[in-house]
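A short worksheet on the structure shown next.
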Amino acid sequence: SVVIIGGHERMESRYKEICKKYNHKSKVFTKMKSDLGDQIGCSDLMILFTSTVSHKMMRCAVAESQRQHFRLERSHSSSASALIQILETYA
């Protein structure tokens, strides 16, 4: 499964659609929630779109990935092509 942190709200369904093409279940968090660490759950890969995420949300995501030993991939761009490129690398 894939967890995507950050990105644009209007792209949320597109991110899920792209992950589905690569046979990955996905969770997308575009806004900080109070229980984000609990909602992330267990995942194989966490993608962090650094240009569209708050520092607080980034710290929470990085701490959770270190705690549960997720593979963490960072991308400055939050475009569909950036997501495709990351998924190609880990497919």
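Source: prediction; values computed, not measured.
- Here the CE-CZ distance, from Met11 to Arg14, works out to 6.5 Å after rounding to the nearest 0.5 Å.
- The CD1 atom of Ile86 sits 12.5 Å away from atom CZ of Arg71, with the distance rounded to the nearest 0.5 Å.
- Within the 4.5 Å cutoff, the side chain of Cys42 has heavy atoms near those of the Gln68 side chain.
- Ser43 places no side-chain N or O within donor-acceptor distance of the main-chain N or O of Met46, the cut-off being under 3.5 Å.
- Using a 4.5 Å cut-off between side-chain heavy atoms of Ile, Leu, Val, Met, Phe, Trp and Tyr, with links allowed through other members, Leu36 and Ile4 fall into different hydrophobic clusters.
- Looking at every heavy atom in both residues, Ala61 comes nearest to Leu48 through CB-CD1, 4.2 Å.
- You'll find the side chain of Phe29 reaches within 4.5 Å of the side chain of Val3, heavy atoms only.
- The structure places CD1 of Ile40 at 6.5 Å from CZ of Phe70, a figure rounded to the nearest 0.5 Å.
- Considering every non-hydrogen atom in both Gly6 and Thr30, the closest pair reads O-CG2, 3.5 Å.
- With a 4.5 Å cut-off on side-chain heavy atoms, Glu88 and Gln85 do not count as touching.
- Checked by atom type and distance alone, the side chain of Ser51 pairs as donor or acceptor with a backbone atom of His76 at under 3.5 Å.
- Taking the side-chain hydrogen bond (donor to acceptor under 3.5 Å, both in side chains) definition, one finds that Ser26 meets it with nothing, sequence neighbours left out.
- A distance of 12.5 Å separates NZ of Lys31 from OG1 of Thr52, quoted to the nearest 0.5 Å.
- Linking Ile, Leu, Val, Met, Phe, Trp and Tyr residues whenever their side-chain heavy atoms come within less than 4.5 Å places Ile18 and Val28 in a single cluster.
- Hydrophobic clustering of Ile, Leu, Val, Met, Phe, Trp and Tyr side chains at less than 4.5 Å, counting indirect connections, unites Leu72 with Met32.
- Across every non-hydrogen atom of Ser77 and Ser79, the tightest pair is OG-OG, 3.1 Å.
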Practice task
Show the numbers, then the answer: is there a salt bridge (charged side-chain N to carboxylate O under 4.0 Å, His left out) between Glu17 and Lys20?
Solution key: CA-CA 5 Å; Glu17 182 181 302; Lys20 193 173 185 177; over 6 Å; no

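- Scored by the salt bridge (charged side-chain N to carboxylate O under 4.0 Å, His left out) test, Glu64 finds Arg67 as partners (sequence neighbours excluded).
- Annotation: side chain of Leu87 is not in contact with side chain of Glu73 (no heavy-atom distance under 4.5 Å).
- Hydrophobic clustering (side-chain heavy atoms under 4.5 Å, transitive across Ile, Leu, Val, Met, Phe, Trp, Tyr) keeps Leu45 apart from Val62.
- Two residues are said to be in side-chain contact when any heavy atoms from C-beta on lie closer than 4.5 Å; Ser1 and Lys27 fail this criterion.
- In this structure, Tyr15 has its ring center under 6.0 Å from that of Phe49.
- Here the side chains of Cys60 and Met57 are not in contact, with every heavy-atom distance at 4.5 Å or above.
- You'll find the side chain of Val2 reaches within 4.5 Å of the side chain of Ile47, heavy atoms only.
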